[in-house]
Amino acid sequence: MADVPEKFLKPYDPKAVEGAIYKQWEDSGYFNPDNLPPVDGKPRTEPFSIVLPPPNVTGTLHMGSALMLVIEDTLVRFERMRGKKVLWIPGTDSAAIATQARVEKDIQKAEKKSRHDLGREELLKRIDVFVEENKNNILNQLRRMGSSLDWSRYAYTMDAPRYGAVMEAFVRMYDAGLIYRGNRIVNWDPKGQTTISDDEIVYEERPAKLVTFKYGKDFPIAVATTRLETKVGDTAVAVHPDDVRYKEFVGKEYDAVFCGVPVHIKIIADESVDPAFGTGALGVTPAHSQTDWDIAERHNIAARPQVISELAKMTVDGPLNGKKVTEAREIVLEWLKQEGLFVKEETIVQNISTAERTGGIVEPLPKLQWFIDVNKPVKDRGGKSLKELMREPVATRQIEIIPNYFEKTYSHWIDNLRDWCISRQIWFGHRIPAWFKGGEIKVSIDSPGAGWEQDTDVLDTWFSSALWTLSTLGWPAETADLKTYHPTTLLETGYDILPFWVARMILMSQFHLGEIPFKTVYLHGLVRDKEGRKLSKSLGNNVDPLEMGEKFGTDAVRVALIAGMAPGTDSKISEEKIRGYKHFANKVWNITRFVLENKTAAGEGPVMAEDESVAAEASAGAAEVTKHLETYRLDLAFDCIYQFVWKRFADEILEESKPMLKGSDKARAQSRAAALRGSLDIILKTLHPFMPFVTEEIWQSMGEKGLIMVSAWPTRQSS
RNA sequence: GCACCUUUAGCUCAGCUGGUUAGAGCGCUGUACUCACACUACAGAGGUCUCAGGUUCGAAUCCUGAAAGGUGCACCA
């Protein structure tokens with residue numbers, strides 16, 4: 001054994017070594033399962049696969065994505081050491097709306113031009129350039145966290161293979177009758193000028209005026225509304241069937257001229273009306289409310305006039321023409337008072353729908369959009385609907401969600417699921433492969449021929465994200481990767497996107513392959529500051545994982561994120577916590593120094609029976625860690641090894657060893673030194689998935705051959 | 001309105017299918033520069049396990065109810 005390397009005389013300096021170590025790992029080729037060394041002379045067979053939830057291609061790494069990387073990398077390293085055929089696929093997401101908005105803003109600022117000034121083609125070119133310039137930023141940040149991702153399989157949602165997969169998926173689903181085009185109420189964001197999904201809505205409580213009025217002097221029922229301006233689009237008044245106050249009027253029809261607009265109102269009875277709210281009568285505006293649209297549908301009311309434009313302005317003739325909705329509301333109120341139709345006005349608290357990204361107030365509008373039918377029986381899947389195909393694997397535990405109480409959230413979401421509106425009116429994204437000519441529509445990847453115009457809409461980003469486990473493994477081609485690694489072993493992501501993403505991946509995989517996309521879903525919580533607030537730039541409480549890595553070492557950041565974090569619960573991060581784990585890395589460093597110094601001093605010698613318990617204890621510790629990692633309790637797993645290393649090994653075992661090592665009995669000293677050295681091996685290996693950098697640095701500094709990254713995970717037999 | 005989660009030491013949390021004096025990290029107090037490490041060690045203080053009932057020989061752990069905090073969904077006339 002060589003002398004103790006000089007570097008151990010100084011404290012561990014992560015900054016000096018991390019870059020080189022990552023490069024060594026990457027250059028080794030072992031991130032790619034095809035290159036992994038055999039185990040006991042036999043090639044690896046059991047696959048373990050994770051597809052990285054792709055971060056925004058133009059984004060920067062925040063604590064949330066750092067947590068995701070750390071959890072996944074820890075599990076991946078653990079399984080790789082255990083001899084599995086481990087694949088972890090990196091990727092990035094185009095984040096269509098966010099990216100396009102960002103580029104548009106930049107152009108507006110620098111050149112004072114809108115997207116319409118540039119045109120579709122030019123804007124897309126600019127976005128591509130922007131993405132190309134920025135993508136290396138996020139990719140390098142993924143590397144800095146130590147992520148052992150197989151870069152040879154890198155995927156981007158907008159690259160050619162993924163684009164092809166999206167087109168193919170659309171066409172197949174259309175051919176199966178699951179995708180249709182229809183005029184339906186959608187959530188229109190007038191600020192972003194696009195449709196958004198129900199999940200992209202944020203509700204805000206605001207005070208609102210609830211006005212009670214009558215449509216005309218001879219109209220028998222007063223109704224209450226907060227949206228007076230939409231009343232020019234009313235075609236019915238609905239009351240509860242059991243409401244004795246209004247029973248005699250049901251079925252009657254009335255004409256009136258409402259604020260300059262002729263309206264025809266039929267009185268109908270519908271179960272959905274709450275007799276206790278307002279006057280117990282609801283003015284039905286089919287074109288500007290989902291529930292009203294549904295009511296009109298139930299009662300065969302054909303007239304559903306649209307009275308508000310995409311710019312949130314009135315489209316009717318008369319005094320309201322061209323007015324903004326908020327102005328129109330006041331004009332109608334004045335008019336009601338003049339005409340003597342005003343009854344009363346009160347203030348209520350109302351939940352208002354705003355668009356998550358732009359903050360614009362959502363305007364429900366009827367629009368021609370593309371939808372996925374979630375209730376229609378699917379022929380090739382035993383006549384089950386997509387809804388059932390999504391529900392079943394989770395209900396039967398074919399897919400396990402950790403923590404499992406999220407299964408309830410999941411089924412609750414499925415129960416309330418409506419047809420999925422998949423078209424978006426932006427330019428950057430996967431363009432819908434539908435072609436129009438005259439009144440005809442054709443769906444195909446390539447143009448059907450001269451004179452056919454492609455739909456200008458693009459797909460909801462979640463459509464392509466939903467295909468992620470398939471498209472990253474080469475689907476629709478029947479690749480070897482797809483065969484080996486799908487269904488993937490684990491999907492690890494934040495609980496906040498369980499419905500958006502997890503459910504939709506199940507939908508796509510169930511439909512296209514007839515199998516689940518992953519066997520286990522591990523949901524992590526949100527990372528918050530030490531006061532429990534969300535981390536954000538505007539609050540000024542942002543803790544930057546890379547900055548912290550610079551300061552305390554990446555290993556410290558990794559472990560600070562994992563320690564004390566049970567699955568699914570939010571966790572708190574602070575600089576102090578990270579600093580604490582830097583101390584731990586240094587502790588391991590010093591333990592190594594002690595062990596090496598004494599080994600050198602004592603010289604070579606066999607381990608005697610009385611010292612066998614030392615290494616046995618270390619491998620018992622490793623077994624505990626193994627047990628917890630197998631059940632995805634990284635927090636408990638790390639706690640075990642942390643306690644063992646610091647409290648047991650350093651404070652007790654090393655202390656009690658000192659007299660033996662310094663004593664006159666040479667054989668005794670040699671035996672103990674050898675036992676400690678053997679334990680150190682086990683400790684370093686057990687620690688490696690959590691703290692890959694220090695352990696690798698120590699491993700190689702001790703003169704061990706090969707990378708600790710692909711060394712064999714400690715088992716009881718090997719001790 | 002419906003559903004779900006949380007409530008254990010000053011702070012952040014563990015505590016599996018109920019079993020002797022309830023645990024960890026950080027923080028706090030005191031001591032020790034006795035050479036692996038001050039990015040340290042040793043010692044210590046600190047809890048009627050939110051509350052009220054119940055099941056049990058025995059409950060932080062199971063059941064019922066309440067309170068407080070949080071989240072999702074719905075409503076949003």
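The sequence lines fix the lettering, A, B, ..., with proteins before strands; numbering per chain opens at 1. Both backbone and side-chain heavy atoms feed into the values below; hydrogens, waters and symmetry mates do not.
Here the P atom of nucleotide B:C13 and the NE2 atom of A:H628 are 19 Å apart, to the nearest Å. Atom CG in A:D651 sits roughly 13 Å away from atom P in B:A24 (whole-Å rounding). Distance CG (A:L636) to C1' (B:C16): 10 Å, rounded to an integer number of Å. A:Y405 places its OH atom 10 Å from the C1' atom of B:U71, with the value rounded to the nearest Å.
Within the nucleic acid shown, A:V284 has no heavy atom closer than 4.0 Å to any nucleic acid atom. Residue contacts for A:I352: at a heavy-atom cut-off of 4.0 Å it reaches a base atom on one of the strands shown. Counting any heavy atom pair closer than 4.0 Å across all strands shown, A:A650 reaches a base atom. Here A:T291 lies in heavy-atom contact (under 4.0 Å) with sugar-phosphate atoms only. Nucleic acid contact class of A:Q643 (heavy atoms, under 4.0 Å, all strands): sugar-phosphate only. Using a 4.0 Å heavy-atom distance criterion, A:K647 is classed as a sugar-phosphate-only contact. Counting any heavy atom pair closer than 4.0 Å across all strands shown, A:L210 reaches sugar-phosphate atoms only and no base atom.
Listed nucleotides: B:A14, B:A36, B:G25. Nearest to the side chain of A:A566: B:A14.
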Would you please test A:F342 and A:F213 for ring pair (Phe, Tyr, Trp, His ring centres under 6.0 Å) and show each step?
CA-CA 5 Å; A:F342 173 83; A:F213 72 98; 9.4 Å; no
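The side chain of A:R418 places no N or O atom within less than 4.0 Å of a non-bridging phosphate oxygen (OP1 or OP2) of B:A74. The phosphate of B:C16 has neither OP1 nor OP2 within less than 4.0 Å of any side-chain N or O from A:K627. Remark: A:W646 is in phosphate contact with B:A41, judged by side-chain N or O atoms under 4.0 Å from OP1 or OP2.
Looking at which nucleotide of RNA chain B each of A:A585 and A:V273 is closest to, the 5′-most match is held by A:A585. If A:T592 and A:G280 are placed on RNA chain B by their nearest nucleotide, the residue sitting closer to the 5' end is A:T592.
A donor-acceptor contact under 3.5 Å is formed by the side chain of A:K582 with the base of B:C39. Applying the 3.5 Å distance criterion, the base of B:C39 shares no donor-acceptor pair with the side chain of A:K587.
In summary, the side chains of A:Q700 and A:E704 do not present any donor paired with an acceptor at a separation below 3.5 Å, with no hydrogens or angles considered. Donor-acceptor pairing under 3.5 Å is recorded for the side chains of A:Q290 and A:D294.
Using the six-membered ring where Trp is involved, A:Y246 and A:F249 have ring planes that are tilted, between 30° and 60° apart.
Exactly one residue among A:Y12, A:F552, A:Y642 makes a ring pair (Phe, Tyr, Trp, His ring centres under 6.0 Å) with A:Y581. That residue is A:Y642.
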